[in-house]
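Proteins come first, then strands; the chains are lettered A, B, ... in the order of their sequence lines, and each starts at number 1. None of these values were measured; they are calculated from a predicted model.
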There are 2 protein chains.
Amino acid sequence: MTTPNPKRRATVHDVARVAGISHATVSRYLNKRAYVSQASAEAIEAAIRSVNYTPNRTARSLVTQSTRAVAFVVREYSEFFFADSNLSAMAAAANKTLSAEGYQMLLVIIESDEAAERIVDLIIGGFVDGALLVAMRDDDPVAEAIARSTIPAITASAPELPVGLPSVDTDNAGGSRAITRLLADSGRTRLAEIAGPAPMPAARLRHGGFVDARGAAYDPRLSIAAAEWSVEAGTAAMRELLERGEPIDGVVAASDALAAGAIDAIHAAGLTVPADIAVVGFDDSPWATRIRPTLTTVRQDPGATGRRMAERMMAHLGGEALDDVAEVIPNVIVERESTAPSS
Amino acid sequence: MTTPNPKRRATVHDVARVAGISHATVSRYLNKRAYVSQASAEAIEAAIRSVNYTPNRTARSLVTQSTRAVAFVVREYSEFFFADSNLSAMAAAANKTLSAEGYQMLLVIIESDEAAERIVDLIIGGFVDGALLVAMRDDDPVAEAIARSTIPAITASAPELPVGLPSVDTDNAGGSRAITRLLADSGRTRLAEIAGPAPMPAARLRHGGFVDARGAAYDPRLSIAAAEWSVEAGTAAMRELLERGEPIDGVVAASDALAAGAIDAIHAAGLTVPADIAVVGFDDSPWATRIRPTLTTVRQDPGATGRRMAERMMAHLGGEALDDVAEVIPNVIVERESTAPSS
DNA sequence: CTGAAAGCGCTTACAG
DNA sequence: CTGAAAGCGCTTACAG
């Protein structure tokens, strides 16, 4: 049983006193052993053990202006974060990369506005040396505050901010463009789109890819934005699309979950996938192979995304400039049953 | 008007100078607005904006001796952590509870010995006000170093350490005991056990529950410890159990993954579950309903575990003593096909 | 190789 | 209500 403030922690002064030496020498020994005599070193070692000394990281950080810690900030509810294998793979890869360089990754999940404020204060207050920002919304106050600060930050999916932020991201636009073309090339002509929720950069970019691929054939009456990245939202969106009465023979959904929901709605309407309507998703999440028909989708490389974010941060913290460039990680299309030829 | 030197961060002194007031008053204003005059307050506000001031958390922490951050330390590979819904639910619940009290949870995943050392240095160095320790091994150097330090820590599944640590945990022993009795009460008499990997507290406790429930009927020849918490390890363990030649009509596996592996091995041997051999797991993970037959298992309440860890930490940081008690969260048994009566 | 001193950016009694 | 001063625990030129 311990009490909140038990006995005082030993400081470098305690060690110095017990070792019969100045605290400056103790500090020198703790950092670069080089310039300390053998005798002093031994006395210090013994003193450290005897007073049970452990250096205060806060004091050290205050003078060195560095914490050797980097925040990995997830702007998403835990349930979604833990269920999203792409996000967790990014986190895992970043953790490994930072760790290998001796940096500590601190994973932070923002679930409320108060948490958002608190985290901004922490980060721009220098609690960490840098921040990796994930799942930010367009116009996100967290991303914006950090972007305006002096602490280095890199984001996955660059949000639309007044001030830019370097980013690393899967090729959202390109993936969406490619999978839309796949559908068109298979002879489908009435392509509908279920876009992701408007405030998300990934949703915006994927929408852009769809519009781009459709070119002159783009028809706003066949596009709808889902309320969130969920199966239910996909069902609701597809239902409304069908109710509009426009003929549809293909659907480009901005995520696998949305696609899964769309397929439910299509089946509920008495239609068949892919015979009547082909459907494609995005993410290659577990949904893609769990549902029937299995889903043609875009597979990301989240490990590469997380790794590159961490590598760029390490390079910057190592002294290199951090350019505001949007690095794009290629993705691949995985064809499955949901776009099989009608035969 | 902008910052004189854009490279240097503004400090409380810059604000004071611009506001024409002492830095002590600025600090007072920043903390408890009460004792600052209206005129000063306005001058300070303007100065803060003009120099773009944000308080340095490290400096503040050094004097207040508090960071208002708590580490949630996971001693497990990311892949396992993110795949384990019990662990992530614990983290999510702890995050919510800490967040509601204004504390920031920092999730840290230890994947190497160097990371382990680094995190110990950080934590006992006062980088956080407290630590929640999860998935520690018995005799874990991380848990031990933190237990010996002055910083408050609570663990899920108390490891066997020379010095105690308060803990909150699902009822491992009780759950194992109850599900073993369920099997015995259904008329099975030759009960084998696939225990978890030896160095884990949860494995030890579940094993204890099994031994306890078997009493005089406990037969070491029917017990084996899996090499890790994986399906493959379960298959290997079950295969060896069958090769020993002892008759078996029931298996108590220490986790659902282990049970899933055991069922594979049983089927491979040409036997049937539950007709020939009943099988039970632990965790009520997604495995439990994904495999055939569906699994009778112990359902934990990971949300309650995470919440209680956080609540006890908050109470302690709020001034209460932190007793070294092992708090046990009840769990329930979920019966499914794998123990259906042979009929 | 080592000590005295300054300083990192804040908070907080202590006077006034 | 406010300023001067001390101090949180460390690191790091600067002399010697």
Side-chain angles (χ1 to χ4, degrees), chain A residues 5 7-44 47-48 51-68 121-122 124-127 129 149-151, chain B residues 3 5 7-44 47-48 51-68 121-122 124-129 149-151:
Chain A
N5 281 315
K7 51 180 65 179
R8 202 176 56 75
R9 287 185 49 170
T11 73
V12 77
H13 292 98
D14 298 315
V15 175
R17 185 170 28 72
V18 172
I21 219 165
S22 84
H23 73 274
T25 299
V26 173
S27 178
R28 262 184 229 106
Y29 172 75
L30 256 23
N31 299 311
K32 20 162 199 186
R33 330 197 131 212
Y35 298 1
V36 175
S37 72
Q38 185 62 23
S40 298
E42 282 163 12
I44 292 170
I48 285 176
V51 301
N52 189 27
Y53 172 73
T54 70
N56 181 314
R57 311 287 307 192
T58 301
R60 174 175 293 173
S61 289
L62 180 58
V63 26
T64 62
Q65 302 282 38
S66 144
T67 62
R68 295 190 74 79
D121 284 352
L122 235 43
I124 69 184
F127 189 73
D129 292 348
S149 82
T150 56
I151 101 120
Chain B
T3 325
N5 182 349
K7 303 187 183 275
R8 207 179 105 274
R9 288 185 50 170
T11 72
V12 76
H13 293 97
D14 297 315
V15 176
R17 184 171 30 74
V18 172
I21 219 166
S22 83
H23 73 274
T25 300
V26 174
S27 179
R28 263 184 228 105
Y29 172 74
L30 256 24
N31 299 311
K32 21 169 196 179
R33 333 196 129 212
Y35 298 180
V36 175
S37 72
Q38 186 62 22
S40 299
E42 281 163 13
I44 292 169
I48 285 176
V51 302
N52 188 28
Y53 172 73
T54 70
N56 181 315
R57 312 287 307 190
T58 302
R60 173 176 292 173
S61 289
L62 181 58
V63 26
T64 62
Q65 303 281 40
S66 144
T67 62
R68 296 191 73 80
D121 284 352
L122 235 43
I124 68 182
F127 189 73
V128 292
D129 291 348
S149 81
T150 56
I151 100 120

Pairs satisfying salt bridge (charged side-chain N to carboxylate O under 4.0 Å, His left out), at least one member in residues 14-24 of chain A, at least two apart: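 Every pair satisfying salt bridge (charged side-chain N to carboxylate O under 4.0 Å, His left out) with a residue in residues 14-24 of chain A: Arg8(A)-Asp14(A), Asp14(A)-Arg17(A).
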
Can you pull the salt bridge (charged side-chain N to carboxylate O under 4.0 Å, His left out) pairs that have at least one residue in residues 52-64 of chain B, sequence neighbours excluded? none

Checking [X] now: which residues fulfil side chain to side chain contact (heavy atoms under 4.5 Å, CB included) with it, not counting sequence neighbours?
{"X": "Val12(A)", "value": "His23(A), Val26(A), Tyr53(A)"}
{"X": "Thr54(B)", "value": "Ile124(A), Arg9(B)"}
{"X": "Ala59(A)", "value": "Asn56(A), Leu62(B)"}
{"X": "Ser61(A)", "value": "Thr67(A), Thr58(B)"}

Return the nearest nucleotide to the side chain of Ser22(A); candidates are dG3(C), dA5(C), dC10(C). dG3(C)

Applying side chain to side chain donor-acceptor pair (under 3.5 Å), name anything that partners Gln65(A), two or more places apart in sequence or on another chain.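 In terms of side chain to side chain donor-acceptor pair (under 3.5 Å), with neighbours along the sequence ignored, Gln65(A) is linked to no residue.
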
Residues forming a side chain to side chain donor-acceptor pair (under 3.5 Å) with Ser149(A), sequence neighbours excluded: none

When you check the phosphate oxygens OP1 and OP2 of dC10(C), does a side-chain N or O of Tyr29(B) lie under 4.0 Å from one of them? no

Side-chain N or O of Thr25(B) versus OP1/OP2 of dT2(D): is the shortest distance under 4.0 Å?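 No, because none of the side-chain N or O atoms of Thr25(B) sits under 4.0 Å from OP1 or OP2 of dT2(D).
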
Of all residues at least two apart in sequence or in a different chain, which pass the salt bridge (Lys or Arg N to Asp or Glu O under 4.0 Å) check with Asp129(B)? none

Distance check needed: [N] [atom2] versus [X] [atom1], whole Å only.
{"X": "Arg9(A)", "N": "dG9(D)", "atom1": "CZ", "atom2": "C1'", "answer": "10 Å"}
{"X": "His13(B)", "N": "dC10(C)", "atom1": "NE2", "atom2": "P", "answer": "8 Å"}
{"X": "Arg17(A)", "N": "dC10(D)", "atom1": "CZ", "atom2": "C1'", "answer": "16 Å"}
{"X": "Leu30(A)", "N": "dT2(C)", "atom1": "CG", "atom2": "C1'", "answer": "16 Å"}
{"X": "Ile48(B)", "N": "dC10(C)", "atom1": "CD1", "atom2": "C1'", "answer": "14 Å"}
{"X": "Asn31(B)", "N": "dC10(C)", "atom1": "CG", "atom2": "P", "answer": "11 Å"}
{"X": "Gln38(B)", "N": "dT2(D)", "atom1": "CD", "atom2": "C1'", "answer": "16 Å"}
{"X": "Asp121(A)", "N": "dC10(C)", "atom1": "CG", "atom2": "P", "answer": "13 Å"}

Taking DNA chain C as the partner, which of residues 55-68 of chain A come within under 4.0 angstrom of it by heavy atom? Leu62(A), Val63(A), Gln65(A)

Which is true for Thr11(B) with a 4.0 Å heavy-atom rule: it touches a base, it touches only sugar-phosphate, or it touches nothing?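 Here Thr11(B) touches the backbone only, sparing every base.
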
Ignoring hydrogens, what is the shortest heavy-atom contact between Ser22(A) and Ala16(A)? Give both atom names and the distance. C-CB, 3.7 Å

What N/O pairs connect the protein and nucleotides 13-16 of chain C at under 3.5 Å? Give each pair on its own line.
from    : atom 1 : to       : atom 2 : distance (Å)
dA13(C) : N6     : Arg28(B) : NH2    : 3.2

Can you tell me which stems DNA chain D forms, taking runs of 3 or more consecutive Watson-Crick or G-U pairs with both distances under 3.5 Å?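 As far as DNA chain D goes, consecutive pairing (with distances under 3.5 Å) yields the stems C:1-3 with D:14-16, C:5-12 with D:5-12, C:14-16 with D:1-3.
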
Is there side-chain contact between Val128(B) and Leu122(B), with at least one heavy-atom pair below 4.5 Å?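 Val128(B) does not reach Leu122(B) side chain to side chain.
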
Are Ile48(A) and Leu30(A) close enough that some pair of their side-chain heavy atoms sits under 4.5 Å apart?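 Answer yes - side chains close enough.
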
Below 3.5 Å, does any donor atom in the side chain of His23(B) face an acceptor in the base of dT11(C), or the other way round? yes

